[in-house]
Peer 1: 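For reference, the structure I am asking about is given below.
Heavy-atom basis, side chains included; hydrogens, waters and symmetry copies ignored.
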Amino acid sequence: MSTWAEVGDRCWVRRYDEWDLNVGLVVGADGALVIDTRATTEQAEELREHIRELTGQPVRWVVNTHAHFDHVAGNSVFDQAEVIAHENAATAAELTAQTFAVARVIDLGDRRVELLHLGNAHTDGDVVVVVPDAEVYFVGDLIEESAPPSYGEDSFPLEWPDTIDRVIGMLSSSSKVVPGHGAVVDAEFVRDQAGDLGTVANTISGLHHGGTPLEQALAHTDDWPWPLEKLQDAIKRGYGTLGTPRRPTLPLLGPG
């Protein structure tokens, strides 16, 4: 049975068995902010009851970390809240939401919460939710703890490492990082996963630069930090960005 875990001052996370999903809750003097709303309205109704067990503050804000259904499908249950998402996520999931492009600050009364879009990665609408006074970072599926990062048909494998580097630039040794799925982690974990994300990007780029056709790249077994079957979309998306590889050619010999 999942329970709330306080990861910072009035910052909680609850890890649900369904999809191994983390939901965040930040409470201020003027209300509560929920981060992601689960995969169905029924699950969101359960979440609403769990929130009521924890705090009497009304849920005034809902933030979606990205557009995937397991993070947004319960939004309608919180019908008194302002829903906020990145503009690309709102378009992708057809969300009724207040949107932003780069950054937004939410005033909870006695504290603020910062919403940041740091670049393309898991999707083109990923949001990092920062609670500065508690050094808590809700990063959605930019980082995963219980499984490899999820490269889907809407991911950006070549840009993901740079986006994570921007997250790392904000972290200290005492920061708590809440991934979209799995246990809460620290900056060292994020740096390690960033290295693996970089390996994936560099391997894809290296195969492409070497003239390896997509079909052969999809079967390439060396250098990957995670099982090859988890990386098929990453390879396809990377090649889609880079274009059809060209066979290396020998340099033309100049005059003798």
Side-chain angles (χ1 to χ4, degrees), residues 1-85 89 95-98 104-116 126-146 171 174-186 189-190:
M1 183 67 180
S2 61
T3 58
W4 291 108
E6 190 167 11
V7 292
D9 176 33
R10 294 171 291 158
C11 298
W12 290 271
V13 60
R14 191 161 185 146
R15 181 178 175 181
Y16 286 95
D17 290 338
E18 297 88 352
W19 302 99
D20 196 19
L21 178 76
N22 286 324
V23 170
L25 183 70
V26 183
V27 175
D30 289 351
L33 179 149
V34 175
I35 301 152
D36 291 336
T37 57
R38 307 185 69 190
T40 67
T41 54
E42 292 79 11
Q43 291 176 11
E45 288 166 356
E46 181 184 52
L47 167 61
R48 182 178 58 192
E49 294 308 309
H50 289 161
I51 293 171
R52 288 172 176 169
E53 294 169 4
L54 183 65
T55 178
Q57 287 281 38
V59 175
R60 291 190 53 199
W61 305 273
V62 165
V63 177
N64 295 136
T65 58
H66 61 290
H68 293 161
F69 78 96
D70 50 327
H71 299 259
V72 306
N75 284 4
S76 62
V77 169
F78 299 93
D79 54 1
Q80 301 301 307
E82 177 184 0
V83 177
I84 306 166
L95 301 176
T96 302
Q98 301 293 314
R104 177 166 173 176
V105 175
I106 303 175
D107 183 0
L108 273 60
D110 58 344
R111 69 196 314 188
R112 73 181 193 276
V113 172
E114 300 172 357
L115 311 182
L116 304 173
D126 298 303
V127 173
V128 176
V129 182
V130 184
V131 189
D133 64 81
E135 284 197 275
V136 174
Y137 298 77
F138 296 89
V139 299
D141 289 2
L142 288 175
I143 293 291
E144 291 200 43
E145 185 275 334
S146 55
L171 303 179
S174 57
S175 298
K176 299 288 184 63
V177 179
V178 182
H181 307 267
V184 176
V185 300
D186 58 12
F189 182 96
V190 176

Peer 1: How would you list, by chain and number, every residue that makes a ring pair (Phe, Tyr, Trp, His ring centres under 6.0 Å) with F189, sequence neighbours excluded?
Peer 2: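 Per chain and number, F189 pairs via ring pair (Phe, Tyr, Trp, His ring centres under 6.0 Å) with no residue.
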Peer 1: Among residues at least two apart in sequence or on other chains, which ones pass salt bridge (charged side-chain N to carboxylate O under 4.0 Å, His left out) with D30?
Peer 2: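 Testing D30 for salt bridge (charged side-chain N to carboxylate O under 4.0 Å, His left out), a comparison that skips the adjacent residues, returns none.
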Peer 1: Give a yes or no on whether a salt bridge exists between D110 and R10, defined as a side-chain N under 4.0 angstrom from a carboxylate O.
Peer 2: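 Salt bridge present between D110 and R10.
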Peer 1: Is the shortest heavy-atom distance from the side chain of T37 to the side chain of H71 under 4.5 Å?
Peer 2: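 Result no, sub-4.5 Å side-chain heavy-atom pair not found.
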Peer 1: May I ask you to test the L25-C11 pair for a side-chain heavy-atom distance under 4.5 Å?
Peer 2: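 No - every pair of side-chain heavy atoms lies 4.5 Å or more apart.
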Peer 1: Tell me, with the steps shown, if T41 and S76 meet side chain to side chain contact (heavy atoms under 4.5 Å, CB included).
Peer 2: CA-CA 7 Å; T41 54; S76 62; 3.7 Å; yes
Peer 1: Please step through side chain to side chain contact (heavy atoms under 4.5 Å, CB included) for the pair R15 and H181, ending with a clear verdict.
Peer 2: CA-CA 8 Å; R15 181 178 175 181; H181 307 267; over 6 Å; no
Peer 1: Whether the S2 and R14 side chains hold a donor-acceptor pair (N or O, under 3.5 Å, no angle test) is what I'd like checked.
Peer 2: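 Yes, because at least one side-chain N or O of S2 sits under 3.5 Å from a partner of the opposite role on R14.
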Peer 1: Just wondering, do P58 and Q80 contact through their side chains at under 4.5 Å, heavy atoms?
Peer 2: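 They are not in side-chain contact.
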Peer 1: W12 pairs by side chain to side chain contact (heavy atoms under 4.5 Å, CB included) with which of V27, V26, V23?
Peer 2: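 For W12, the side chain to side chain contact (heavy atoms under 4.5 Å, CB included) test succeeds with only one of V27, V26, V23, which is V27.
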Peer 1: Counting N and O atoms only, with roles assigned by atom type, does the side chain of Q98 sit under 3.5 Å from a partner on the main chain of I84, one being a donor and the other an acceptor?
Peer 2: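 No; zero donor-acceptor contacts below 3.5 Å.
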Peer 1: Kindly write out the residues that satisfy side chain to side chain donor-acceptor pair (under 3.5 Å) with R48, not counting sequence neighbours, or none if the list is empty.
Peer 2: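 Counting only residues at least two positions away or on another chain, R48 forms no side chain to side chain donor-acceptor pair (under 3.5 Å).
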Peer 1: Are L116 and V127 close enough, and set up right, to give a side chain to side chain contact (heavy atoms under 4.5 Å, CB included), and what steps lead you there?
Peer 2: CA-CA 6 Å; L116 304 173; V127 173; over 6 Å; no
Peer 1: List the atom of A89, the atom of A67, and the distance in Å for their closest heavy-atom pair.
Peer 2: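 Nearest pair, atom of A89 first, then A67: O-CB, 3.5 Å.
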Peer 1: At what distance, to the nearest 0.5 angstrom, does CG of L47 lie from CD of E42?
Peer 2: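 Atom-to-atom, L47:CG and E42:CD are 13.0 Å apart.
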Peer 1: Is V130 close to V113 at the side-chain level, that is, under 4.5 Å between some pair of heavy atoms?
Peer 2: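 The answer is no, as the side chains (C-beta and beyond) never meet within the 4.5 Å cut-off.
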Peer 1: Answer yes or no: is there a side-chain heavy-atom contact under 4.5 Å between P179 and D141?
Peer 2: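 Answer no - side chains too far apart.
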Peer 1: Report the residue from V13, V131, L171, V184 that forms a side chain to side chain contact (heavy atoms under 4.5 Å, CB included) with K176.
Peer 2: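 It is V184; the other options fail the test.
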Peer 1: When you look at V63 and V34, which way does the side chain to side chain contact (heavy atoms under 4.5 Å, CB included) test go after all the steps?
Peer 2: CA-CA 6 Å; V63 177; V34 175; over 6 Å; no
Peer 1: CG of L21 to NE2 of H68: how many Å apart, nearest 0.5 Å?
Peer 2: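 Result: 12.5 Å between the selected atoms.
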Peer 1: May I ask you to check whether over 12 heavy atoms, not counting those of W4, lie within 6.0 Å of atom CH2?
Peer 2: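 Correct, the count exceeds 12.
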Peer 1: Just to verify, what does S174 make a side chain to side chain contact (heavy atoms under 4.5 Å, CB included) with, not counting sequence neighbours?
Peer 2: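 Scan of S174 (side chain to side chain contact (heavy atoms under 4.5 Å, CB included), adjacent residues dropped) gives E135, S172.
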Peer 1: Nearest 0.5 Å, please: how far is CG in D20 from CD in E145?
Peer 2: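 Separation between the atoms: 8.0 Å.
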Peer 1: Is there any side chain to side chain donor-acceptor pair (under 3.5 Å) pair reaching into residues 53-65, and which pairs are they, with sequence neighbours excluded?
Peer 2: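 Of all non-adjacent pairs touching residues 53-65, those that pass side chain to side chain donor-acceptor pair (under 3.5 Å) are D36-T65, N64-N75.
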Peer 1: For A97, which residues count as a side chain to side chain contact (heavy atoms under 4.5 Å, CB included) partner, sequence neighbours excluded?
Peer 2: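 With neighbours one apart ignored, the set is V83, A85, L95.
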Peer 1: So which heavy atom on G8 is nearest to which on A134, and how close?
Peer 2: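 For G8 and A134, the tightest heavy-atom pair comes out as CA-CB, 4.3 Å.
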Peer 1: Mind checking whether L142 and Y137 have side chains closer than 4.5 Å, heavy atoms only?
Peer 2: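 Side-chain contact under 4.5 Å: no.
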Peer 1: Does a salt bridge link D107 with R112, judged by any charged N lying under 4.0 Å from a carboxylate O?
Peer 2: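 Judged by the 4.0 Å cut-off on N to carboxylate O distance, D107 and R112 do not form a salt bridge.
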Peer 1: When rounded to the nearest 0.5 angstrom, what is the spacing between CZ in F69 and CZ in R38?
Peer 2: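 Here the rounded value is 12.0 Å.
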Peer 1: For the aromatic rings, using the six-membered ring if either is Trp, is the centroid distance between H50 and Y16 under 6.0 Å?
Peer 2: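 For H50 and Y16, the ring centres are under 6.0 Å apart.
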Peer 1: So, E82 and R104, do they make that salt bridge, N to O below 4.0 Å?
Peer 2: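 Answer for the salt bridge query: yes.
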